[in-house]
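The structure displayed is predicted, hence computed values, not measured ones.
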Amino acid sequence: MYKWGLYITSILSVVLFYNKNNTAKNSIPTANEICNNAIDDDADGLIDLNDPDCQCVTSLPESFIPNPSFEDMSCCPTWEAELNCADSWIQASVPTTDYIHNCGFQGLYPAPLPIPDGDGCVGFRNGKPGAPNFKEYTGACLTNTLNAGEEYTIDFLMGFNTPNISPPMAVHLYGTSDCSNLPFGIGNAAFGCPTNDPNWFYLGQTPVHSGNMNWLQTSVTFTPTQDVNALVMGGDCVPNNVTAYYYFDRLTLARTIDFFSSLETVSGTPCTNDWVIGVQNVDSLSYQWYLDGVALVGDTNALYQIIPGVAGYGEYQLIASSPNGCDISNAFEVEDPTVFATIDSTICEGESVQLGNNTYTIDGVYNETFLNWQGCDSIVTLNLTVLPVLQTQLMESICPGDSFAVGDSIYIANGNYMNILTGPNGCDSIVNLDLSILPVAQVQLTEIICPGDSFAVGDSIYIANGNYMNILTG
């Protein structure tokens, strides 16, 4: 039987396969290696996707954001606040973002180099000491309307200076239905985030990210509740009284469906004969499945059925090809679905353990098989130890008026008594007491002595007529 493993949930991009000379091809290239036939064609010990001849380079769908990498420019920036040099970009907030370009201005706080996608990027603040609402936002009027109720993804590169300049930050997205709402907060440098203007609304955010003189690729997936024609991105609405400066590059905004999604379960479970994984079919694409990088020859649909006992364990991937290139999914791991668990249990004699429908009272190792919610086996091993109940027999004698204690119980009369205590092993310790009360011995002495003599009883010495009582120990 099989088990789905880790779902990779990040958005995947369109990819182009390249040969060793990095020449783009419309199909998977090869020096001698054919990358979809499950054969080591070039005899280098590597088959299909495991061969460097079949490496691929990422490409992305066309962005709804104009000039997404800040490459098209009308002038070279020489100082702060010159985003107007980048074609199609609008200074979204009164606090001004900075246009950074290899031709001139390198940033108030230098951007991590190299700039990842060309020569230009944008730098922005998320508050500053003494001006916590001084927040700079990057904004653009979109080339396509984002329709309410449709899912979109923005995939972008975020840059960081040192941790004291670029502390951890979550990037927030905001939208408006009318491009005339750019810029917002006109005349107010402490206006704060866009939603302080009723024409703007929140769209989504990333988790908190941080770095150290590096760039991080990240994305946000969101579904607007109303049409969006302009978008801004930057910090949240919380005032920030510390230095916080970051960078954006290569802002790719498109419908989520235009990114190649990760493989997911379409129907069934790992332990049934109807377990299907795959992606939504697109008629213009052709498909090829791979297991551990080796082509599953003949499996060329968008969906793949995993049949227990037939398909192997490993990592499944799907390539979708078009005349312009191909997409490749992240790995979908199929593992042995059997779940093993061990229970170590210790009980006292007379107690029991219930496992499934069975009750166990004796030392031993027991195995029970259950079905989990996916219909897969879960094997539970019970290591059972049964501790004895201790028994002690006491035969004790006391004198009248004395007592004998067992635990918290005190006894003063003849009899047989049972006491249940807790033994050193944590189980019951049963103490049976047979208690006897000994009689008091009485001795009558009549003694005669001569004048000047004495008579001793124990430690007492008598020299005169009289009746005396002595209590001694028998």
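Considering only heavy atoms from C-beta on, Asn212 comes within 4.5 Å of Thr162 through its side chain. The side-chain heavy atoms of Asn181 and Asp197, taken from C-beta on, include no pair separated by under 4.5 Å. You'll find the side chain of Thr218 stays beyond 4.5 Å of the side chain of Val171, heavy atoms only. At a threshold of 4.5 Å between non-hydrogen side-chain atoms, the residues Phe105 and Thr78 do not count as touching. Contact of the Leu318 side chain with the Tyr304 side chain is not registered, since no non-hydrogen atoms from C-beta on lie closer than 4.5 Å. At a threshold of 4.5 Å between non-hydrogen side-chain atoms, the residues Cys103 and Pro77 count as touching. In this structure the side chain of Leu49 reaches within 4.5 angstrom of the side chain of Ile319, judged on heavy atoms. The closest side-chain heavy-atom distance from Val220 to Met233 is not below 4.5 Å.
Within the 3.5 Å criterion, the main-chain N or O of Ile34 finds a donor-acceptor partner in the side chain of Asp41. Side chain of Ser166 to backbone of Tyr245: a donor-acceptor contact under 3.5 angstrom is found. Side chain of Glu136 to backbone of Ser93: no donor-acceptor contact under 3.5 angstrom is found. A donor-acceptor distance shorter than 3.5 angstrom exists from the side chain of Tyr246 to the backbone of Pro167, with no hydrogens or angles considered. For Gln354 (side chain) and Gly356 (main-chain N/O), a donor-acceptor pair under 3.5 Å exists by modelled atom type. Without hydrogens or angle criteria, Asn301 side chain to Leu303 main chain gives no donor-acceptor distance under 3.5 Å. With hydrogens and angles disregarded, no donor-acceptor distance shorter than 3.5 Å links the side chain of Asp119 to the backbone of Asn102. Not one N or O on the side chain of Asp72 forms a donor-acceptor pair closer than 3.5 Å with the backbone of Asn67. A donor-acceptor distance shorter than 3.5 angstrom exists from the side chain of Asn425 to the backbone of Pro388, with no hydrogens or angles considered. Looking at Gln288, its side chain does come within 3.5 Å of a backbone N or O of Leu296 through a donor-acceptor pair.
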Please walk me through it: do Thr381 and Thr342 pass side chain to side chain donor-acceptor pair (under 3.5 Å)? CA-CA 5 Å; Thr381 299; Thr342 299; 4.8 Å; no

Quick one: do Trp200 and Leu182 satisfy side-chain contact (heavy atoms from CB on, under 4.5 Å)? Show the steps, please. CA-CA 10 Å; Trp200 288 84; Leu182 274 176; 3.8 Å; yes

Before giving the answer on side-chain contact (heavy atoms from CB on, under 4.5 Å), spell out for Phe156 and Thr206 the whole-Å C-alpha distance, their side-chain angles and the decisive distance to 0.1 Å. CA-CA 11 Å; Phe156 60 94; Thr206 69; 4.0 Å; yes

Quick one: do Val122 and Leu83 satisfy side-chain contact (heavy atoms from CB on, under 4.5 Å)? Show the steps, please. CA-CA 8 Å; Val122 67; Leu83 185 61; 4.1 Å; yes

Applying side-chain contact (heavy atoms from CB on, under 4.5 Å) to Cys85 and His101, what does each step give before you reach the verdict? CA-CA 10 Å; Cys85 285; His101 200 280; over 6 Å; no

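Rounding to the nearest 0.5 angstrom, the gap separating the CG atom in Leu142 from the CD1 atom in Ile65 is 6.5 Å. Leu157 CG to Ile115 CD1: the interatomic distance, rounded to the nearest 0.5 Å, is 11.5 Å. A distance of 12.0 Å separates SG of Cys35 from CD1 of Ile39, quoted to the nearest 0.5 Å. The distance from atom CZ of Phe222 to atom CG of Leu203, rounded to the nearest 0.5 Å, is 5.0 Å. Note: Thr422 OG1 to Leu390 CG = 10.5 Å, rounded to the nearest 0.5 Å. The structure places CG of Asn367 at 11.5 Å from CG of Asn358, a figure rounded to the nearest 0.5 Å.
Thr97 meets the side chain to side chain donor-acceptor pair (under 3.5 Å) test with Gln91; sequence neighbours excluded.
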Contacts under 3.5 angstrom, residues 223-232 side chains, donor-acceptor by atom type, not counting sequence neighbours:
residue: Asp227; atom: OD1; partner: Ala148; partner atom: N; Å: 2.9
residue: Asn229; atom: OD1; partner: Thr145; partner atom: OG1; Å: 2.5
residue: Asn229; atom: ND2; partner: Ser177; partner atom: O; Å: 2.8

Please set out all donor-acceptor pairs under 3.5 angstrom arising from side-chain atoms of residues 247-254, sequence neighbours excluded.
residue: Tyr247; atom: OH; partner: Tyr109; partner atom: O; Å: 2.5
residue: Tyr247; atom: OH; partner: Pro110; partner atom: O; Å: 3.1
residue: Tyr247; atom: OH; partner: Asn161; partner atom: ND2; Å: 3.4
residue: Asp249; atom: OD2; partner: Asp117; partner atom: N; Å: 3.1
residue: Arg250; atom: NH1; partner: Asp155; partner atom: O; Å: 2.7
residue: Arg250; atom: NH1; partner: Asp155; partner atom: OD1; Å: 2.9
residue: Arg250; atom: NH2; partner: Asp155; partner atom: OD1; Å: 3.0

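Contact detail for Leu46 and Asp40: the closest heavy-atom pair is O-OD1, 3.0 Å. The nearest pair of heavy atoms linking Ala81 to Thr96 is CB-OG1, 3.0 Å. Taking both residues in full, the closest heavy atoms of Leu384 and Thr361 are given as CD2-N, 4.3 Å, listed atom of the first, atom of the second, then distance. Nearest heavy atoms, Ser74 versus Asn84: OG-O, 3.8 Å. Heavy atoms only, all atoms of each residue included: Leu382 and Tyr360 are closest at CD2-CD1, 3.9 Å. Residues Val208 and Pro168 come closest through the heavy atom pair CG1-CB, 3.4 Å.
In this structure, Asp236 pairs ionically with Lys135, as a charged nitrogen and a carboxylate oxygen lie closer than 4.0 Å.
Relative orientation of the Tyr137 and Tyr174 rings is perpendicular, given thresholds of 30° and 60° on the angle between their planes. Between Tyr202 and His172, the angle of the ring planes lies from 30° to 60°, which puts this pair in the tilted group.
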